Number of protein chains: 2
Amino acid sequence: MLCSARARLPGPLDRHHGTGHMTAEVELKDSGAASPPLTERQEARRRRILHASAQLASKGGFDAVQMREVAESSSVALGTLYRYFPSKVHLLVATMQDQLQHMHTTLRKRPPAGDDAAERVSETLMRAFRALQREPHLADAMVRALTFADRSVSPEVDTVSRLTTAIILDAMGLDAEPTPQQLSAVRVIEHTWHSALITWLSGRASIAQVKIDIETVCKLIDLTSPGAAPGHPGT
Amino acid sequence: MLCSARARLPGPLDRHHGTGHMTAEVELKDSGAASPPLTERQEARRRRILHASAQLASKGGFDAVQMREVAESSSVALGTLYRYFPSKVHLLVATMQDQLQHMHTTLRKRPPAGDDAAERVSETLMRAFRALQREPHLADAMVRALTFADRSVSPEVDTVSRLTTAIILDAMGLDAEPTPQQLSAVRVIEHTWHSALITWLSGRASIAQVKIDIETVCKLIDLTSPGAAPGHPGT
DNA sequence: ATCAAGTCTGAAACTTGTTCTAGGTTAGCG
DNA sequence: CGCTAACCTAGAACAAGTTTCAGACTTGAT
């Protein structure tokens, strides 16, 4: 990455001024995300790009996702690629968002069956972890992009973060709205999740260690659940 | 970063074959690190480089640390810079190691004075956090480099990790050797620490939120300390 | 003093992310 | 049908990390 994140000219993903006429190509289904009303062909291009990105990432990780190659693989001009995704990090974060959505729907179909919330969350994360182990290079590309992202990618990273939070909250199976303490615990779990993945991906931690750490951090859920001993055990 | 981390030719930081003659320049004090027996002038160069790196990083963060500039600021040829630090990430991780060592000695002088281990650790981390807030750009450069580092930087990142672990263990003030559970808790705290810093640096979390999360994760220390309720509170 | 080995320098070259430009294309609209 | 705005393409150009190379320098050994 060079200087990353300048102000960008309006692209197909920008809102219109509402003056009446819209994008040149015919506008269709704005189902899903609210911001980008995309054309059929634009949607197709976007998908091709994300597919190429994931493909290349699966092969060789972060470094293997080269913008020129992504452009060529998805039959799109380099300039167009940059119109859709203003930087490599944007692209990879979007790729991650895509994959996360898959995972979320998959997980909803077969929810974890642990006895308490902590178990269910750690089971869920371990399931996700196993999925990532099947495509370690892809995981590398996505996670590195995610943690390397600077302020210009904040909105996208935030979306990913919300998705992850949703997955964890789902697994917790709460009866009521989460308390602030629970939300903090979830954030901590997310932190641990990302950082543990990094250490695993860079070969500094074993799979077993990641498992242990996930289980360790998940204990925070019991600790912060309403009804658990408040404050320190010694108090 | 481009392709990062090729096999590198022998540099001043490499061990010798023990054949008898050593580095060209006079060899002096190998106090400190065991691996690199550096000359006086080499040590001076190394320091100049690290200083320039920190200087530039303080000014504009990760992007502002440009290898050509570092080389010029430290009056060293670009090739030499690369001989000392095989990549920008190596350089920044080494910079972090340097800063951490300062912090460690500083902390040893005025150890935290909390009642229990969890308090002391979170106080220590918050102190470090405040130090980082004084140089947010430097923090940005170091932390981004740390989490972006790939396998080729593992040894260096590991050193930083060990330093951080040492700081936390120091703050805990253990009577005995840490148990495996405690070590896992410390790793989780470290994960949270890095990842929370990232979210703060990229503007996605407030200082207050980082504080809360650190305090939250530090509760794990009580939970895993010998004598605390083992397993889940509900069991 | 000379030699060999390892270092340092300066500069050019190469790679890949990112930006820019000129021209061709598409689609709504009068 | 022809206009216009927005889009897309091909390709050059630029920026910064990384590599390479020839030559000068340093030092210990002969």
Side-chain angles (χ1 to χ4, degrees), chain A residues 1-14 16-17 19-28 37-42 44-45 49 56 62-72 74-92 145 148 152, chain B residues 1-14 16-17 19-28 37-42 44-46 48-49 56 62-72 74-92 145 148 152:
Chain A
M1 172 204 284
L2 301 194
C3 37
S4 91
R6 294 294 157 63
R8 303 222 91 258
L9 53 162
L13 301 143
D14 286 319
H16 305 281
H17 329 93
T19 53
H21 73 287
M22 356 217 70
T23 333
E25 308 189 12
V26 187
E27 186 157 319
L28 291 181
L38 290 188
T39 293
E40 238 181 24
R41 301 207 290 176
Q42 289 180 323
R45 278 193 203 100
I49 293 173
L56 288 169
F62 188 90
D63 291 343
V65 181
Q66 304 195 352
M67 298 305 269
R68 284 173 240 261
E69 288 221 16
V70 172
E72 188 170 1
S74 46
S75 306
V76 140
L78 190 55
T80 306
L81 172 53
Y82 273 95
R83 187 189 284 277
Y84 280 75
F85 302 97
S87 80
K88 174 170 173 172
V89 169
H90 281 86
L91 170 59
L92 285 172
F148 189 58
S152 70
Chain B
M1 173 204 283
L2 302 194
C3 35
S4 92
R6 295 292 157 65
R8 304 221 90 258
L9 53 163
L13 301 143
D14 285 320
H16 305 280
H17 327 94
T19 52
H21 72 286
M22 359 216 68
T23 334
E25 308 189 10
V26 186
E27 185 158 323
L28 291 181
L38 290 188
T39 292
E40 237 180 24
R41 300 206 289 173
Q42 289 179 324
R45 276 191 204 103
R46 201 186 129 88
R48 260 182 290 142
I49 293 173
L56 288 169
F62 188 90
D63 291 342
V65 180
Q66 303 195 352
M67 299 305 269
R68 284 174 240 259
E69 289 221 17
V70 172
E72 189 170 0
S74 47
S75 307
V76 141
L78 191 55
T80 306
L81 172 52
Y82 274 96
R83 187 189 284 277
Y84 279 75
F85 302 97
S87 80
K88 174 170 172 171
V89 169
H90 281 85
L91 170 58
L92 285 172
F148 189 58
S152 69

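Per chain, numbering begins at 1; letters A, B, ... match sequence-line order. Being a predicted model, the structure only gives us computed values, none of them experimental.
- Residue B:Leu81 contributes atom CG, which lies 13 Å from atom P of C:dG10 at whole-angstrom precision.
- Taking the centre and axis of the six-membered ring of A:Phe62, the NZ or CZ atom of A:Lys88 falls inside the cone set by 45° and 6.0 Å.
- Rounded to whole Å, the distance from CD on A:Glu40 to P on D:dC7 is 17 Å.
- Residue A:Arg45 places at least one side-chain N or O under 4.0 Å from the OP1 or OP2 atom of D:dC8.
- Nearer the 5' end of DNA chain D, as judged by each residue's closest nucleotide, is the contact made by A:Leu78, out of A:Leu78 and B:Gly79.
- Distances were taken from every side-chain heavy atom of B:Gln66 (C-beta onward) to each of D:dC8, D:dT9, D:dG17; the shortest belongs to D:dG17.
- A:Val65 comes within contact range of the sugar-phosphate backbone alone, with a heavy-atom separation under 4.0 Å but no base atom that close.
- The side chain of A:Gln42 places no N or O atom within less than 4.0 Å of a non-bridging phosphate oxygen (OP1 or OP2) of D:dA6.
- Which of D:dT9, C:dT18, D:dT18 sits closest to the side chain of A:Ala77 comes down to D:dT9.
- For B:Met67 and D:dT18, the CE to P distance is 6 Å, given to the nearest whole Å.
- The side chain of A:Arg41 sits closest to C:dT26 out of C:dT26, C:dC8, C:dA12.
- Note on B:Tyr84: every side-chain N or O is 4.0 Å or more away from OP1 and OP2 of C:dT7.
- Using modelled atom types, one side-chain atom of B:Ser87 and one backbone atom of B:His90 make a donor-acceptor pair closer than 3.5 Å.
- Side-chain contact check for A:Gln66 versus A:Leu56: every heavy-atom pair is 4.5 Å or farther apart.
- One can place CZ of A:Arg68 at 11 Å from C1' of D:dA12, the figure rounded to the nearest angstrom.
- Here D:dG17 is the nucleotide among D:dG17, C:dC8, D:dA12 with the atom lying nearest to any side-chain atom of B:Lys88.
- Residues that satisfy the side-chain contact (heavy atoms from CB on, under 4.5 Å) test with B:Glu72, not counting sequence neighbours, are absent from this structure.
- For the pair A:Tyr82 OH and D:dC8 P, the interatomic distance rounds to 16 Å; values are reported in whole Å.
- Annotation: side-chain contact (heavy atoms from CB on, under 4.5 Å) contacts of B:Arg48 (sequence neighbours excluded): B:Arg45, B:Ser74, B:Ser75, B:Val76.
- Atom CG of B:Leu91 is separated from atom C1' of D:dA16 by 14 Å (rounded to the nearest Å).
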